[in-house]
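Worksheet: the structure to be examined is printed underneath.
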Amino acid sequence: MTTAVDPERGHDEAAPRPHVGPEGLPGQWVDAGLSVQFALSNVAAWQLCRWVLECSRAKAGTAERVASRPRAGKAVAASLGWSESYGASRIEFARQVLERLPRLGAAMQAGVLEERKASSVVDLVADLDDAQARAVVEEVLEQAPSLGYTELRRLVGRVAMAVDPGWAERRRAAAVARRRVALRSAPSGAAELCGLDLPEDPAQDAHDRIVALAHAVLRRLTRAGITSVSVGTAESEVMLTLTGPAGAGMYDLDVVKYVTTLLGGPASEPDDGLGPDDGPDDVPDDDPGPDDGPGLDGSDDVPDEGSDEGPDRGRPGRGATSEPGAAPAGGPVARNADRRRAAVAFRPRTVVRLELRAVIGCDHSPGESPGRGPLTHPAALAMAWARTHGRWRIRLYDEHGELEHVLSIRPPRGGPPPVGGRRRAQVVELTAHTHELDALATAYTVDRVRAGVVPDPGADALDLLRRARRALDHERGRPPREHPALTRAEASHRFPSTRLRDWVQSRDHTCRAPGCAVDALGTDLDHTVPVTAGGRTAADDLGALCRRDHLLKGDPDSGWTLRQPRPGHFEWTSPTGRVHTVLPHRYRPMPSPVARTGSRGRLRDHGSMTPPRPGAPRPNRHGQITDAATDTAWHLVTRADRTGYATADPPF
């Protein structure tokens, strides 16, 4: 049998063609092939875990497996060219995903979960017992494939706090007890100055102040025509000024002017416009009444920080004629007003988010600081009640987890001093099912509390429920066409009202670009169809996009296009032609606590930080007595491998 040979192509037509890689395929095929290769690599990682675990227990000449082997990692490491410690860690990871947390291994086997995400989950639940760790995995596994690594770690951390609140609070207290400031040399030779294990509230205020002052500096530099200074440079210079000798005695505007001059900008300007771009000044009054306290714009106690005009009375380092503590000309009122005018407001953000039941005291579910991480229940509660000079936003969902109402209310008390008006643009968010608010408002009344029918949650919590219920009744009393999800009253406007903006931000939760987790409150409200092309200012044509993704969407050279076929459903078409769908956020309450039944992952009380006796496991820098520490101590005592005590409790 002969085969024809194409003289022009120069090869046998009957011979198999060489494999065509991604270089020779259309964009849609390359994108689809990438997903296939990703799934295959996840399956391969799961297969490797099986072989690693079996190799650590195998014996020559027999199919039997051993339960204990000294230095089991040595055999695996010798075969694969690893160090013994890395081999031992890989064996432990394989045991976790195949035996302790089999749902993780099943997700890897299905190709939907990569090893790095599984490793993140394993690390974060290492100090929980088996039942608690499996409860965490059950809660997060459905969302894990679509979350970025940072967002996944935050979610796992918050769920872990929910299943064992006591452990979470002891861990936090142990860390805060060892808070410190560290200065170290970076590999480049530059210096790194950081605070470690700091209390959440003052640390976040410090960071918010640095960010606010840095952006004030950048605005001045931009108006002066200087655009080469990065955000990081401005923030670092502000931090060094605030903490160094140059900033001694300076108020906010002093720091702004000093850093602006340091970076090559003008020394002063007649009008700074230092306030945030969208504070709560135009928030509608959804909770009217004479007992609501100061206005949402803080008019009773928050000054106008938008200008630094006027004399620099009593400011150290600015030609002051008296010490800061002495009353300048005009008396204490003028001095205090001058100080308040020198305060730069923090940029708008959701400072803390927690469940309504947690505020009332019905449970101890943790909160979160969006974009920053989870918070224990006591820390989140304290941060919320410390911010009662701004506004609180309550997001209510139906039984399917879909957003139903967004309430904006005044907080029920005056709270601590307003920190010069700096926090007035910060928002406290509470989440709940609509029926939960109805049930709580009915159950927790003054009469029922006095009669002892329900425990007393405190006057502030009762007032919060009353205000929230009144705002909800007000929303229910509006005509359906006025609901922010349906209204067309603003279709011809260029910018949405606060009520519509709150709805879109609450519906979207985060930036709607694939893989982006920027909190919606800090994003732009983008018209999916531009206003110039006939777009409308309505919920079905608005979406939250961070500034970077907003610019990407508007760049014709990026290759990305966006459409919103249904309100809150965003379809992004990538340059390769693949369509990525981003769905609306669905509310999922935190799981209930799970009782600890095992003896692993114990945490010492931070109040009894005594040196451990010789041979006892030592806590790490977070105060945790981890499995690894227990294993090491047990190994030193018994001279056995860690698998030798798998069925016994260590005597520590």
Side-chain angles (χ1 to χ4, degrees), residues 147-148 150-151 154-155 200-201 203-219 222 230-232 234-235 238 273-283 296 305 344-354 367-375 380 383-384 387 390-393 395 403 406 408 421-431 495-528 542-554 568 570 582 584-585:
L147 295 177
T150 302
E151 279 302 296
R154 290 170 181 163
L155 176 62
E200 300 90 339
D201 206 359
Q204 295 203 36
D205 273 349
H207 183 263
D208 285 342
R209 188 183 181 203
I210 291 172
V211 171
L213 296 182
H215 279 79
V217 169
L218 291 174
R219 284 195 294 271
T222 300
S230 67
V231 175
E235 290 178 348
V238 167
L274 291 176
D277 294 334
D278 55 343
D281 299 45
D282 56 349
V283 176
L296 288 178
E305 78 287 358
V344 177
F346 295 159
R347 294 174 67 81
R349 74 178 182 90
T350 304
V351 65
V352 60
R353 180 181 295 136
L354 68 165
E368 66 172 323
S369 180
R372 299 186 176 182
L375 300 167
M383 290 180 65
R387 285 161 175 80
R391 64 176 174 130
W392 288 26
R393 191 160 67 185
R395 302 191 304 187
L403 188 64
V406 179
S408 183
R422 292 183 176 91
R423 293 174 174 171
R424 70 189 182 98
Q426 293 183 340
V427 174
V428 175
E429 277 192 353
L430 308 181
T431 56
F495 299 102
S497 66
T498 300
R499 187 163 176 262
L500 179 56
R501 182 179 64 203
D502 284 353
W503 171 265
V504 174
Q505 290 174 342
S506 299
R507 178 200 68 189
D508 293 347
H509 196 68
T510 61
C511 171
R512 294 292 82 191
C516 186
V518 175
D519 185 52
L521 188 60
T523 62
D524 301 334
L525 282 194
D526 168 64
H527 287 80
T528 307
L542 290 173
L545 293 182
C546 70
R547 184 59 55 85
R548 295 182 69 237
D549 289 318
H550 193 176
L551 295 175
L552 179 71
K553 177 243 181 183
F570 296 86
V582 181
H585 168 72

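Residues take their numbers from the sequence shown, with the count starting at 1.
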- Item | Under the side-chain hydrogen bond (donor to acceptor under 3.5 Å, both in side chains) test, residues paired with R395 that sit two or more places apart | Y397, H509

- Residues in side-chain hydrogen bond (donor to acceptor under 3.5 Å, both in side chains) contact with S230, at least two apart in sequence or another chain: T233

- Between CG of L521 and CZ of R347, what distance do you get to the nearest 0.5 Å? 11.0 Å

- Considering all heavy atoms, the nearest F570-G543 contact: CZ-CA, 3.6 Å

- Query: Mind checking what makes side-chain contact (heavy atoms from CB on, under 4.5 Å) contact with P584, not counting sequence neighbours?
  - Reply: H569

- Please report the shortest heavy-atom distance between S506 and R393, naming the atom on each side. OG-NE, 3.7 Å

- Task: Evaluate the side-chain contact (heavy atoms from CB on, under 4.5 Å) criterion for residues E151 and L155: first the C-alpha distance (whole Å), next the side-chain angles of each, then the deciding distance (0.1 Å), finally the verdict.
- Result: CA-CA 6 Å; E151 279 302 296; L155 176 62; over 6 Å; no

- Message: Please enumerate all residues that pass side-chain hydrogen bond (donor to acceptor under 3.5 Å, both in side chains) together with E200, with sequence neighbours excluded.
- Response: R172

- Message: So, taking the atom named NZ in K553 and the one named OG1 in T528, what distance separates them when rounded to the nearest 0.5 Å?
- Response: 6.0 Å

- Item | Smallest separation among heavy atoms of G421 and A345, with atom names | O-CB, 4.2 Å

- Item | Close side-chain approach of R422 and D208, heavy atoms under 4.5 Å | no

- Message: If you define the side chain from C-beta out and look only at heavy atoms, does anything of V427 sit under 4.5 Å from R387?
- Response: no

- Task: Taking the side chain as every heavy atom from C-beta outward, state whether R507 and V406 have any atom pair closer than 4.5 Å.
- Result: no

- Query: For I210 and E235, which heavy atoms make the closest approach, and how far apart are they?
  - Reply: CG2-O, 3.5 Å

- For residues L552 and R548, determine if any side-chain heavy atom of one lies less than 4.5 Å from a side-chain heavy atom of the other. no

- Message: My understanding is that only residues two or more places apart in sequence, or in another chain, count here; which of them pass side-chain hydrogen bond (donor to acceptor under 3.5 Å, both in side chains) with R547?
- Response: D524

- Query: How long is the span from the CZ atom in R499 to the CG atom in D502, to the nearest 0.5 Å?
  - Reply: 9.5 Å

- Query: Are any of the side-chain heavy atoms of L525 and Q505 separated by less than 4.5 Å?
  - Reply: yes

- Stepwise side-chain contact (heavy atoms from CB on, under 4.5 Å) test for W503 and L542: CA-CA 10 Å; W503 171 265; L542 290 173; over 6 Å; no

- Message: So, using side-chain contact (heavy atoms from CB on, under 4.5 Å) as the criterion, who are the partners of A380 when residues are at least two apart?
- Response: V352, L354, L375

- Item | For A520 against A544, the heavy-atom pair lying closest together | CB-CB, 4.1 Å

- Message: Would the distance check show the side chain of R154 and the main-chain N or O of G371 forming a donor-acceptor pair, the cut-off being under 3.5 Å?
- Response: yes

- Message: Under the side-chain contact (heavy atoms from CB on, under 4.5 Å) test against T523, which residue among V518, D508, V504 passes?
- Response: V518

- Item | Intermediate values then yes/no, salt bridge (charged side-chain N to carboxylate O under 4.0 Å, His left out), D519 and R372 | CA-CA 10 Å; D519 185 52; R372 299 186 176 182; over 6 Å; no

- So CG of D526 and NE2 of H550: to nearest 0.5 Å the spacing works out to 4.0 Å

- Task: Drop me the distance from S497's OG to L500's CG, to the nearest 0.5 angstrom.
- Result: 5.0 Å

- Task: For the pair R512 (side chain) and T510 (backbone), establish whether a donor and an acceptor sit closer than 3.5 Å, ignoring hydrogens and angles.
- Result: yes

- Residue pair Q426 / F346: nearest heavy atoms and the distance that separates them: NE2-CD1, 3.4 Å

